[in-house]
Amino acid sequence: MSFWLLKSEPASFSIDDLARAPGRRTAWDGVRNYQARNMLRDELKRGDRAFFYHSSCQVPGIAGIVEVVREGYPDATAFDPQDHHFDPDSDSREPRWYTVDVKLVREFERSITLDELRRHGGGRLKDLQLLKRGNRLSVMPVSAKSWKFIVSLAR
DNA sequence: GCCAACGTTGGC
DNA sequence: GCCAACGTTGGC
């Protein structure tokens with residue numbers, strides 16, 4: 001099993017939105033970055049776990065945990081002209097963008113803030129990509145060590 | 001709203 | 001293939 005971190009802007013989709021979704025489940029669609037696409041398409045496997053990260057908001061941080069329940073498949077929002085993530089250059093016969101389905105496993109009572117994560121950036125979370133300079137990926141791997149440590153912060 | 005750090009695009 | 005211009009991300 002592998003671990004990941006998925007970013008979302010709570011203004012567009014928050015962990016509370018996921019908690020209210022049918023089956024507490026959603027397609028993680030709208031990702032339009034090739035590196036992130038490759039991970040969604042090829043690397044996230046059923047049963048993998050991911051942190052749900054709230055970005056571009058008042059208090060950025062990890063809000064909870066989700067599980068991959070369906071592996072990479074074409075992202076239908078790319079073909080929908082009404083959708084905000086519509087990509088006119090994509091072709092349904094040769095899909096460019098992919099998504100996975102995730103379900104909510106756990107919503108932290110309080111999110112683990114970016115600030116708090118940074119306090120461990122020189123130590124236990126040295127390998128956390130989220131803390132690296134210039135990181136902008138919305139899908140990124142998390143090492144088992146970092147995963148365990150971050151989960152321990154949530155208690 | 002600002003701006004640093006990226007990624008993408010397109011002319012050459 | 002280079003690189004300037006432009007768009008986006010995301011913390012502040």
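Proteins come first, then strands; the chains are lettered A, B, ... in the order of their sequence lines, and each starts at number 1.
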Nucleotide C:dG11, atom P - distance to NE2 of A:His54 in whole Å: 12 Å
Gap between atoms CD and C1', on A:Gln58 and C:dC12 respectively (whole Å): 12 Å
Partner residues of A:Phe3 under the ring pair (Phe, Tyr, Trp, His ring centres under 6.0 Å) criterion, sequence neighbours left out: A:Trp147
Heavy-atom check, side chain of A:Leu130 versus side chain of A:Leu137, under 4.5 Å: no
Strand-adjacent residues in residues 107-114 of chain A, judged by heavy atoms under 4.0 Å from DNA chain C: A:Leu114
Listed partners of A:Ser143 passing side-chain contact (heavy atoms from CB on, under 4.5 Å), at least two apart: A:Asp127, A:Lys145, A:Ser146
Touch class at under 4.0 angstrom, heavy-atom based, for A:Ser55 against every strand present: sugar-phosphate
Residues which pass ring pair (Phe, Tyr, Trp, His ring centres under 6.0 Å) with A:Tyr73, listed by chain and number, not counting sequence neighbours: none
Heavy-atom check, side chain of A:Ile15 versus side chain of A:Leu104, under 4.5 Å: yes
Residues forming a ring pair (Phe, Tyr, Trp, His ring centres under 6.0 Å) with A:Phe149, sequence neighbours excluded: A:His120
Nucleic acid footprint by protein, nucleotides 5-10 of chain B - heavy-atom cut-off 4.0 Å, B for base, S for sugar-phosphate alone: BBSS--
Name of the residue among A:Val142, A:Leu44, A:Asp48 meeting side-chain contact (heavy atoms from CB on, under 4.5 Å) with A:Ser2: A:Asp48
Polar side chain donor-acceptor pair, A:Arg32 to A:Thr77, under 3.5 angstrom: yes
Whole angstrom value for the distance that separates P of C:dG11 from CG of A:Leu137: 13 Å
